[in-house]
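Report on one structure; see the data block that follows.
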Amino acid sequence: MGPLGYPELVVIALIGFFFLSLAFWIWMLVDCIIHEPAEGNEKLTWVIIIALTGAIGALIYLLARRPTRKRLYGR
């Protein structure tokens, strides 16, 4: 068996991207569950958004909500 060709490298890159995005999604979901304040429905709303939209929702949470939460609540 010779060196890896272009199709094999693309498959390996896609698998790596999948696992990285899955890890990022889990990280943001756990961060939201643990650190969002329980008052109101914001925590539940963000958990649903992250859970249903996958890595895109996690990215939105990271960029839109997490900095605001850290500024307001310090966690």
Side-chain angles (χ1 to χ4, degrees):
M1 189 153 177
L4 294 176
Y6 181 73
E8 290 86 3
L9 292 176
V10 170
V11 170
I12 291 170
L14 287 174
I15 291 170
F17 178 75
F18 170 76
F19 282 111
L20 285 174
S21 64
L22 180 66
F24 173 68
W25 176 75
I26 291 170
W27 174 39
M28 287 295 106
L29 188 59
V30 169
D31 182 74
C32 180
I33 291 170
I34 292 174
H35 294 110
E36 278 293 325
E39 301 93 33
N41 290 329
E42 283 191 39
K43 182 177 197 170
L44 178 62
T45 303
W46 277 111
V47 167
I48 291 171
I49 289 171
I50 295 169
L52 294 179
T53 59
I56 299 298
L59 185 63
I60 293 169
Y61 175 77
L62 177 71
L63 298 175
R65 175 61 184 159
R66 195 165 183 245
T68 304
R69 186 201 73 220
K70 285 190 166 209
R71 187 178 68 248
L72 293 176
Y73 302 105
R75 50 184 168 138

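Given the structure is predicted, the values throughout are model-derived calculations rather than measurements.
Residues in residues 47-65 take part in these salt bridge (charged side-chain N to carboxylate O under 4.0 Å, His left out) pairs, two or more places apart or across chains: E36-R65, E42-R65. Note on residues 43-54: no pairs pass salt bridge (charged side-chain N to carboxylate O under 4.0 Å, His left out), not counting sequence neighbours. Within the structure, ring-ring contact (aromatic ring centres under 6.0 Å, His included) contacts touching residues 51-70 (residues at least two apart or in different chains) are W46-Y61. For residues 10-35, every residue pair satisfying the salt bridge (charged side-chain N to carboxylate O under 4.0 Å, His left out) rule, not counting sequence neighbours, is listed here: D31-R66, D31-R69.
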Without placing hydrogens or testing angles, list every side-chain donor-acceptor pair under 3.5 Å for residues 20-30, not counting sequence neighbours.
unit_1, atom_1, unit_2, atom_2, d
S21, OG, F17, O, 3.2
S21, OG, F18, O, 2.9
W25, NE1, I50, O, 2.7

Could you tabulate the donor-acceptor pairs under 3.5 Å formed by side-chain atoms of residues 4-12, not counting sequence neighbours?
unit_1, atom_1, unit_2, atom_2, d
E8, OE1, G5, N, 3.0

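Here L52 is tied into one hydrophobic group with L44, I48, each link being a pair of ILVMFWY side chains closer than 4.5 Å.
Listed by chain and number, the residues in a side-chain contact (heavy atoms from CB on, under 4.5 Å) with T53 are I49 (sequence neighbours excluded).
Of the listed residues (L63, I56, L62), just one forms a side-chain contact (heavy atoms from CB on, under 4.5 Å) with I60, and that residue is I56.
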